[in-house]
2 protein chains.
Amino acid sequence: MLKNSEFIDKLRSSGLRPTKQRLKICEVLFNRDKTFHFTINDLAKIISAKLNEKISLATIYNTVHAFKNKGYLKEISINSDKSYFDTNITNHHHFFDEDTNQLIDCNKGDIETINIKNNITGKKINSVEVLIKVASDNQNQK
Amino acid sequence: MLKNSEFIDKLRSSGLRPTKQRLKICEVLFNRDKTFHFTINDLAKIISAKLNEKISLATIYNTVHAFKNKGYLKEISINSDKSYFDTNITNHHHFFDEDTNQLIDCNKGDIETINIKNNITGKKINSVEVLIKVASDNQNQK
DNA sequence: ACATATATTATAATTATTCTAAACTATTGA
DNA sequence: TCAATAGTTTAGAATAATTATAATATATGT
């Protein structure tokens, strides 16, 4: 359980002012034992359920993007009707359960390290993401 | 250069009626030497530029989805605001150039085969997609 | 050619996201 | 401590991608 002052330091250290809203969002996102995968809509729902005061949707978007830009969140690429975010910012990959629309982290060892032998000339690799789409065994077509 | 009758057979064989619109879209998509990566908007532009008659946007969406469901197109997940499709339906992976928003196929040999050691219990793997995001070497932040 | 199932179309509706501009707040430094 | 200011929040409007609707048109089997 992280303290408020730790979040304040974290925000200040990356040039973000520690506002009431950002601290609340920090609590929701980072006061967890396990990795948290979410969409903006998920987050908005959790916030409005947990909080007495409300946070504007625009602020939630702003904050999530600010946290992503500062490297506190990763954005995950899934069939793009909406964006998914991940509080696990280490290098890792994902399963996506098409039955439930849930993201699940791959553990180290689930996949061998991806080895890229040829890159596009003149470009640098920003990220390598593996997405394994899974579904229940008895359904044929998505 | 495929003939119209070949597209008619292709469509019929998968239970899709060969309509004027679908045949035109087949020509645009499949009469190519190289893999074609596109968004719906790209396709709509090409169609309206090339064709004397116009095809409704709704039809373009319907057709692309029908072709995807029949396995003639693959949808590629990019963390983004729109869907990308690929006429290359073989198992392969992608580079995504963040400078130009262009998708580029990985060639066999660019990446070693992805080896998944542990899957989620009770689920079957539908796809494994690797996306390598690249950008110009001299730009720091996206 | 006829009946019917399937497609196409324009348009409206929906959804996720970004923009805007005004009100508000944290920080800096006098 | 307080004012100036730079950064934030906010509601709501705007935008963009996509899906739904329902009327019209077309393909197919008999």
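Each chain gets a letter, A, B and so on, in the order its sequence line appears, and its residues count up from 1.
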message: I'd like to compare against my own output: the B/S/- annotation of nucleotides 13-18 of chain C with a strict under-4.0 Å heavy-atom distance to protein.
response: ---SBB

- prompt: Who passes side chain to side chain contact (heavy atoms under 4.5 Å, CB included) against B:Ile104, sequence neighbours left out?
  reply: A:Ile120, B:Phe95, B:Asp97

- prompt: Has the side chain of A:Thr87 got a donor or acceptor atom that lies under 3.5 Å from a matching backbone atom of A:Phe36?
  reply: yes

- line: Here the distance between atom P of D:dA20 and atom CD1 of B:Ile60, to the nearest Å, is 18 Å

- request: Round to the nearest Å and state the distance from B:Glu53 atom CD to C:dA7 atom C1'.
  value: 15 Å

message: Between B:Arg22 (side chain only) and B:Arg17 (backbone N and O only), is there a donor and an acceptor less than 3.5 Å apart?
response: yes

- request: Verify the contact: side-chain N or O of A:Arg22 to OP1 or OP2 of C:dA26, cut-off strictly under 4.0 Å; return yes or no.
  value: no

- prompt: Thinking salt bridges, do B:Asp105 and B:Lys34 make one under a 4.0 Å N-O criterion?
  reply: no

query: Between the axis at one end of the helix from C:dA1-D:dT30 to C:dA30-D:dT1 and the axis at the other (five pairs apiece), what's the angle to 10 degrees?
result: 30°

task: Assign the ring pair A:Phe7 / A:Phe30 to parallel, tilted or perpendicular, where the plane angle (0 to 90°) is split at 30° and 60°.
output: tilted

- request: Compute whether any side-chain donor of one residue and acceptor of the other, for B:Gln21 and B:Thr59, lie under 3.5 angstrom apart.
  value: no

field: Test item: A:Asp86 side-chain N/O and A:Asn88 main-chain N/O as donor-acceptor pair under 3.5 Å
entry: yes

message: Tell me the interatomic distance from A:Gln21, atom CD, to D:dG7, atom C1', rounded to whole angstroms.
response: 12 Å

- request: Would you give a per-nucleotide map of nucleotides 23-30 of chain D, 5' to 3', where B means the base has a protein non-hydrogen atom under 4.0 Å away, S means only the sugar-phosphate does, and - means neither?
  value: ----BS--

query: Tell me: CG of B:Leu23 to C1' of C:dT8, nearest whole Å?
result: 14 Å

- prompt: What residue pairs, at least two apart or across chains, pass salt bridge (charged side-chain N to carboxylate O under 4.0 Å, His left out) with a residue in residues 70-83 of chain A?
  reply: A:Lys68-A:Glu75

query: Using the ring of each side chain (for Trp, its six-membered ring), is B:His37 parallel, tilted or perpendicular to B:His92, with breaks at 30° and 60°?
result: tilted

task: Can you tell me the distance, in whole Å, between the CD1 atom of B:Ile55 and the C1' atom of C:dA10?
output: 15 Å

query: Closer than 4.0 Å, any side-chain N/O of B:Lys54 to the OP1 or OP2 of C:dT8?
result: no

- prompt: Tell me: CG of A:Asn62 to P of C:dT25, nearest whole Å?
  reply: 17 Å

message: I need the full list of side-chain hydrogen bond (donor to acceptor under 3.5 Å, both in side chains) pairs touching residues 112-121 of chain A, with sequence neighbours left out, sorted by first then second residue.
response: A:Glu112-B:Asn115, A:Asn115-B:Glu112, A:Asn118-B:Asp110

message: Donor-acceptor pair, distance only, cut-off 3.5 Å: does the side chain of A:Asp99 make one with the backbone of A:Ser136?
response: yes

